[in-house]
Each structure stands twice: as C-alpha cells, then as structure tokens.
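Shown next, in structure tokens, is the structure this report addresses.
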Amino acid sequence: MNRHLLSIDDLTADDIATLLGTAAEMHDVQRREVKKLPALRGRTVINLFFEDSTRTRSSFEIAGKWLSADVINLSAKGSSASKGESLRDTVLTVTAMGIDGLVMRHSASGAAHQVAGWIGVPVINAGDGMHEHPTQALLDSYTLQRHFAAADGGLGSLEGKRVAIVGDLTHSRVFRSNVKCLGKLGAEVVAVAPPTLMPSGIGEWSKADGFTTSYELDPVLPEVDAVMMLRVQRERMSGGYFPSPREYTVGYGLTRDRLRLLKDGAPILHPGPMNRGLEISADAADAAGSAVLDQVSAGVAVRMSVLYHLLAGEENE
Ligand code: NCD
C-alpha cells in the first residue's frame, strides 16, 4: 500500500478490499464497552484542519484514540496560520515535534499532495478543495458493502450495482473520490446534476472512468440500487448556478414524491452536512432506507483501518 492516502488513485482494488476488510474488524470495537486497541500506542497523529468539519475531524480523532494514539487537533482558526504563517512553515513546525502521521483538510485542491512532498511522515487527505476526499469514498463503499451483505453476513460485493450520485458535482471532492472508488469495486455510477453543476470536461472523463451522466433525476431513480445525494456547496459558489433553491429542489431534490421512484430497500446516502429541504427532504433523510447515520458510524471504522495500515508499521501487520 502507498505510504500516503492522498487520492483513491493511490489504492488498487486489492488495497481497498484490505482496508474495508480491516474496517469490518474495527467496527466491532464500536460495540464494546471498552473501546481501546493498543495498535498505535506511543504514536502521535495531528489533525490539521483549515476548513470546517464536524464528522471527518471528530471521526479521525475518535479513530486515533480507539487505537491508543495521541491525537492533537489543530485548526486554522486559533493556529498561527491565521497570523499569516505559510502552509509549509505550519506543517514543518508540527512535524518537527515528532509526529507519526498528519491528517489534513485544506481548501486548495492538491494541498495534501504538496504537503506529502515536504514531510517524511504519512499524510492522509481529509478533503482538499474540490479535488478528493478518499476516506469519505471508502466509508461510502463500506456502507454499501454492508448494506449488500454477503450470505455469511460479511461485506457484500458492489460488482454490477448501480449507484446514482446526485447534486453539486462541480464542487464535490466526495463525487470525484467516489467515482474512482466505486468504479474500482465494479459498481456502475450514474452522475446526475443540472448542466451548470456538471463538471466541465465530464464527457471525456466519464468515458475514461466508465460512468454515465444524466441531467434528469426521475428516469434514473427507478434504475439504481442506491442513491447518494450531495450537498449544494453554497460556500464554493459565486451565485448563478440555479435560478432559486426551490427550482433546484423541484429538479434535483430527493423529495417525498421521488422516494416512491426508488427500488424497494435502495439505501439513501448523504455525506453530510445535509441541507434539509434543498437537496434532500426530511422524509428522505429520516426514511427507513436512509443510511446517513450508518455512514457516520462506518467513518470511524474506516478511519481506524486507514490509520492502522498507514501508521502501525510492519511489526503490527
Ligand atoms: C463533505 C466534505 O467536506 O467534503 N462532507 C464530509 O466530509 N462529511 C461534503 C460536503 O461538505 O458537502
């Protein structure tokens, strides 16, 4: 396995299977009364977040702690980055303290990649601008593999499963990582967005990565085995992507009426944070088929697995 996790490109299909298999074992820890494994005892991990986060940051923190690592959280607000320190100086400073791994989120696409070239410890990309969010894609695939469980109750296969990814694809690192991850696992992705939120150049890209696209949601929903709704990322928009929130919902929201178009039992995913009433209705978010909280729970297990494989070293393998 690659020493860093910057992109799903760093992982082969076998690497993904290994990571998700370990995640399934780690998931059992969540149900224990005492949630500690000794695997990363004596190691220190820094969570360096230059963008806001609820789930990703806290689940990396919990994951590190359950593996007995010492985890330190640093955010741009409250660190010297807000005094104008460069990203390079910030990461060299924290690395000089003797850390064993760096988890980072940054608004610039490619930031984690750049940092990996500056420091000698594993870097895990927890979201870089509009580029990638590999652990989110891994936890989404894990959630789906658990949903489509094998006969023995273990993780199921995504081979031939059809998954719609719907919403603000232009601004979504979750979309970019998921297309690659689901593709490697044999799923068939249908990317659905209004023309203004379809990434430019998607025609060539979809041919290369083997997924299809649609500007319409209604004909797609009855055809898929799972649907992933993505947030409308207003903080990355300068306006003008759609006429009004209401029109977005009418065209692309998972409304109560649209729920009826889904196959029975097809899970509904959303990485969060949700804009209830915009891309997803309360009926859909809280439906029996909603996997939103399963994704959150999976996030801890998958991040434990990633930290373990990148930081534990050979003696623990
Ligand atoms: C996503 C992110 O930050 O990229 N959220 C997350 O990690 N749970 C998606 C989003 O912000 O919409």
Side-chain angles (χ1 to χ4, degrees), residues 5-8 23 47-64 73 75-77 103-113 124-144 163-182 189 191-194 197-199 227-237 241-242 245 248-249 252-254 267-281 284-285 290-304 306-307:
L5 180 55
L6 307 174
S7 159
I8 293 293
N47 279 336
L48 184 60
F49 276 63
F50 292 92
E51 267 190 3
D52 295 343
S53 171
T54 303
R55 282 149 277 267
T56 306
R57 195 175 84 163
S58 51
S59 68
F60 266 113
E61 182 176 356
I62 293 171
N73 290 314
S75 57
K77 285 173 222 141
V103 177
M104 66 169 284
R105 168 171 287 192
H106 198 281
S107 59
S109 302
H113 207 273
I124 298 169
N125 180 7
D128 62 327
M130 306 190 304
H131 178 229
E132 279 220 39
H133 191 354
T135 58
Q136 179 70 43
L138 290 170
L139 75 89
D140 291 336
S141 285
Y142 176 83
T143 302
L144 289 171
V163 182
I165 306 183
V166 186
D168 181 359
L169 306 183
T170 289
H171 300 104
S172 180
R173 53 198 178 204
V174 175
F175 170 60
R176 283 172 181 74
S177 289
N178 257 303
V179 155
K180 294 178 188 178
C181 191
L182 289 167
V189 172
V192 185
L197 290 173
M198 203 53 104
V227 61
M228 182 185 300
M229 304 305 296
L230 296 179
R231 184 172 67 89
V232 175
Q233 301 199 19
R234 285 184 269 204
E235 79 279 16
R236 295 191 212 275
M237 293 182 183
Y241 284 90
F242 44 85
Y248 182 86
T249 304
Y252 298 93
L254 192 58
I268 300 162
L269 285 79
H270 191 306
M274 295 186 275
N275 289 307
R276 281 178 185 250
L278 182 56
E279 73 268 358
I280 188 163
S281 62
S290 168
V292 172
L293 296 177
D294 298 333
Q295 290 171 274
V296 176
S297 152
V300 178
V302 165
R303 289 172 177 127
M304 285 174 83
V306 168
L307 289 172

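All ligand and atom numbering here is 1-based and tracks the order in the structure. All figures in this text were calculated on a predicted structure; none of them were measured in a lab.
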Quiz item: Taking NZ, NE, NH1 and NH2 as the nitrogens, is one of them in Glu51 or Arg173 under 4.0 Å from a carboxylate oxygen of the other?
Solution: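 Answer for the salt bridge query: yes.
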
Quiz item: Does a side-chain N-to-carboxylate-O contact under 4.0 Å join Lys77 and Asp52?
Solution: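 Result for this pair is yes, salt bridge flagged.
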
Exercise. Verify side chain to side chain contact (heavy atoms under 4.5 Å, CB included) between Thr135 and Leu5, making sure each step is shown before the conclusion.
Key: CA-CA 8 Å; Thr135 58; Leu5 180 55; 4.0 Å; yes

Quiz item: Got Asn47 and Met104 here, is their nearest side-chain heavy-atom distance under 4.5 Å?
Solution: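 No, their side chains stay 4.5 Å or more apart.
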
Quiz prompt | Heavy-atom pair with the smallest gap, counting every atom of Leu138 and Cys181 | solution =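 Nearest pair, atom of Leu138 first, then Cys181: CD2-SG, 4.1 Å.
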
Practice problem: Write out the protein residues near ligand 1, meaning a non-hydrogen atom under 4.0 Å from one of its atoms, in order of chain and number. | Solution: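 Protein residues near ligand 1 are Arg55, Thr56, Arg105, His133, Gln136, Arg173, Val174, Arg231, Gln233, Pro271, Gly272, Pro273.
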
Practice problem: List in chain and number order the residues that pass ring-ring contact (aromatic ring centres under 6.0 Å, His included) with His171, two or more places apart in sequence or in another chain; answer none if no residue qualifies. | Solution: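 Counting only residues at least two positions away or on another chain, His171 forms a ring-ring contact (aromatic ring centres under 6.0 Å, His included) with Tyr241.
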
